[in-house]
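Let me begin by presenting the structure, written as structure tokens, before commenting on it.
Only a predicted model underlies this, so the values are computations on that prediction, with no experimental measurement involved. Indexing begins at 1, ligand by ligand and atom by atom, following the structure's order. Heads up: numbering here begins at 1 and tracks the sequence.
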Amino acid sequence: MTCKPTPVPAADQIDIPAIMAKYAAERDRRLRREAQDQFVDPETVFENFEEADPYTPFIEREPIAEELDVAILGAGWSGLWAAYHMRKAGIASFRNIDTAGDFGGCWYWNQYPGLQCDNEAYCYIPLLEETGYVPSKKFADGWEIQEHFQRIANQFDLYEGALFHTKIRSLKWDAGISRWRIETNRGDDLRARFVILGSGPANIPKLPGIPGLDSFRGHSFHSSRWDYAYTGGSRREPVLDRLKDKRVAIVGTGASAVQAIPYLGQYAKQLYVIQRTPSSVDVRNNTPTDPAWQKSLKPGWQAARQANYHKGMLEAYGPGDEDMVCDIWTEISRNLQVELEAEGWPQLTVEQFLARREVMDHQVMERLRARVAEIVEDPATAEALKPWFRILCKRPTSNDEYYPTFNLPHVKLIDVSATRGVERMTEKGFVHQGIEYEVDCVIFASGYEITSELSRCWAVDIIEGRDGVSLYDAWADEPRTLHGSMTHGFPNMFFSALIQGGLHSSYTVSLGAQNERYAAIVSEAKRRGATVVEPTLAAQDAWVQHIRETAIDIMGAVRECTPGYYNGEGGEKFRGPLGEFYGPGWYAFIDLIETWKADGMPGMTFETA
Ligand code: NDP
């Protein structure tokens, strides 16, 4: 089916200066001086939050003392990709180490009702052709995604090395044995030749630091630790029937809450949706996979689709391009393509093109605001649900049941924007505009610490490289890497994250390419009989300089946004959750890496200690 442009209000029908002024005003009235410090660790409310797992029983095991080739911190997408590429490269001795009870990362911890990926499954879920699997629908359910983790782990024998319910406490380079010494909360003594840090950006849940937070005596939990024993139902069958006599409040209206709220509205006796900033919520169009389409797929289809998505998201659809993905993420490109075609494809400078994108952004957001008013019956509620920011200031969502939920008589929107968050919590519930609302349960859909504070990024207390130097001290001013892969002074350590490398608009594609490179470096070390591998200082400095010279100021665009995790809640010191990207783009970066590999990996030292 060919994708059609989505009708949006004409540019000359909207008052862009007035919209911009409204965006700035909405941002300013939410800015908090404490920025990211407004949040608190869940441990302040939930005992043993870090190690408790509502989904998988904890099994005692003996501590492990051993030498291994590669220790992989994490068993989410980064960790899975790392293990897959190690297996493929014939490196037999590796382990994934994760606090969760299985593979899955955020898809393990998040099991809330309604969980689906907001990105198209055919692009987002990796290794579809390698496993012969095609997702059952465009936006796959969370459980289907986690099953795919298990499918990959089973098919490529990744379970045998995995250490679950295990947290790495410290990583210390031992020059005497040219290995990383790894301490865990299970008393293990692992000595790994190489370490891959792949713990992902959203691995530490956070709670809002609401005054009186710990005084609430009712039931409560974070959305990433859904308590089905309390609500009833399961992630496969989210029939939350134990809520039928319960008054529930949910704090937050981000991507997680948007998916869970329709289920809470369906089952709870009373639901209070506590919103500080609304999300944009488009139609979902979640179509089941067409068997005829599935049958027609030719080898290479997934990479082609991912490339098409990347073009729509981060580049531009040109003459004759088809938008294969056809959702909210590619809408600006899709709509612009039609406009530019009608104009005979004028030659635009980058600035002119970005200005056109900006106008289309306003048109799309006007469409989304109009959608609220069409569905939500109470005008005041509809007004409060309208998103006033550029589309990529907050993760765009799509859901067909979200807005209709606010038409239910027992669902009430509590707009806490005027107080920059929930005013206060009490023993019995929460206070809003001087009124105490009594509830039985508070669900915190309050997100994750997505931070540039390094120790929190990797969730490892101590990382010490050569001469006991802490990585956190070494990078206090800024991360410094070669290709985003490794850093001088921390031999044999790889970063599976988006630092100073190429960015593909499918995060999983970026991680896949990165870990393929790490397997190539480990293989090269083995081939040369080297035990210590690291970038030279000169090569690293040159790369950082090159990154700076070619960088796109991605933070510049989000700095003006409504506060949120994309811009460190508007904080001054925030470097960005994703780091710096290679400005010339994904394909230029991949070409550069391929040339670097073919040239024998210049700028790296391979030594035998
Ligand atoms: P978010 O950080 O996006 O949302 C947190 C919510 O809590 C926001 O609405 C925030 O309001 C609100 N909040 C924070 N503090 C307070 C306070 N003091 N009072 C009232 N409200 C408060 O977390 P999510 O878990 O929703 O999503 C995190 C990320 O996880 C997503 O953006 C996405 O990357 C990923 N995700 C992905 C999905 C997918 O489909 N792939 C699905 C779900 C999540 P405010 O906006 O004003 O700060």
Quick check on ligand 1: any N or O pairs to the protein under 3.5 Å? One line per pair.
residue, atom, partner, partner atom, Å
ligand 1, 7 (O), Ala445, O, 3.4
ligand 1, 9 (O), Thr253, N, 2.9
ligand 1, 9 (O), Gly254, N, 3.3
ligand 1, 15 (N), Arg276, NH2, 3.4
ligand 1, 19 (N), Val422, N, 3.1
ligand 1, 25 (O), Ser256, OG, 2.6
ligand 1, 26 (O), Ala255, N, 3.0
ligand 1, 26 (O), Ser256, N, 2.8
ligand 1, 26 (O), Ser256, OG, 3.3
ligand 1, 32 (O), Tyr565, OH, 2.5
ligand 1, 34 (O), Tyr565, OH, 3.0
ligand 1, 40 (O), Gln116, O, 2.9
ligand 1, 40 (O), Asp118, N, 2.4
ligand 1, 40 (O), Asp118, OD2, 3.3
ligand 1, 41 (N), Arg395, NH2, 3.0
ligand 1, 46 (O), Lys394, NZ, 2.8
ligand 1, 47 (O), Arg276, NE, 2.8
ligand 1, 47 (O), Thr277, N, 3.4
ligand 1, 47 (O), Thr277, OG1, 2.5
ligand 1, 48 (O), Arg276, NH2, 2.9

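When all heavy atoms of Arg284 and Cys117 are compared, the closest pair comes out as NH2-O, 3.2 Å.
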| request: Could you check Asp282 against Arg367 for salt bridge (Lys or Arg N to Asp or Glu O under 4.0 Å), going step by step and ending with a plain yes or no? | output: CA-CA 9 Å; Asp282 197 10; Arg367 175 179 80 71; 3.0 Å; yes
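The closest side-chain donor-acceptor pair between Gln259 and Asp118 falls under 3.5 angstrom. A donor-acceptor pair shorter than 3.5 Å cannot be found between the side chains of Thr99 and Glu51.
Ring centroid separation for the pair His148 and Tyr133 comes in under the 6.0 Å cut-off.
The residues Glu120 and Arg305 are annotated as salt-bridged, a charged nitrogen and a carboxylate oxygen being separated by less than 4.0 angstrom.
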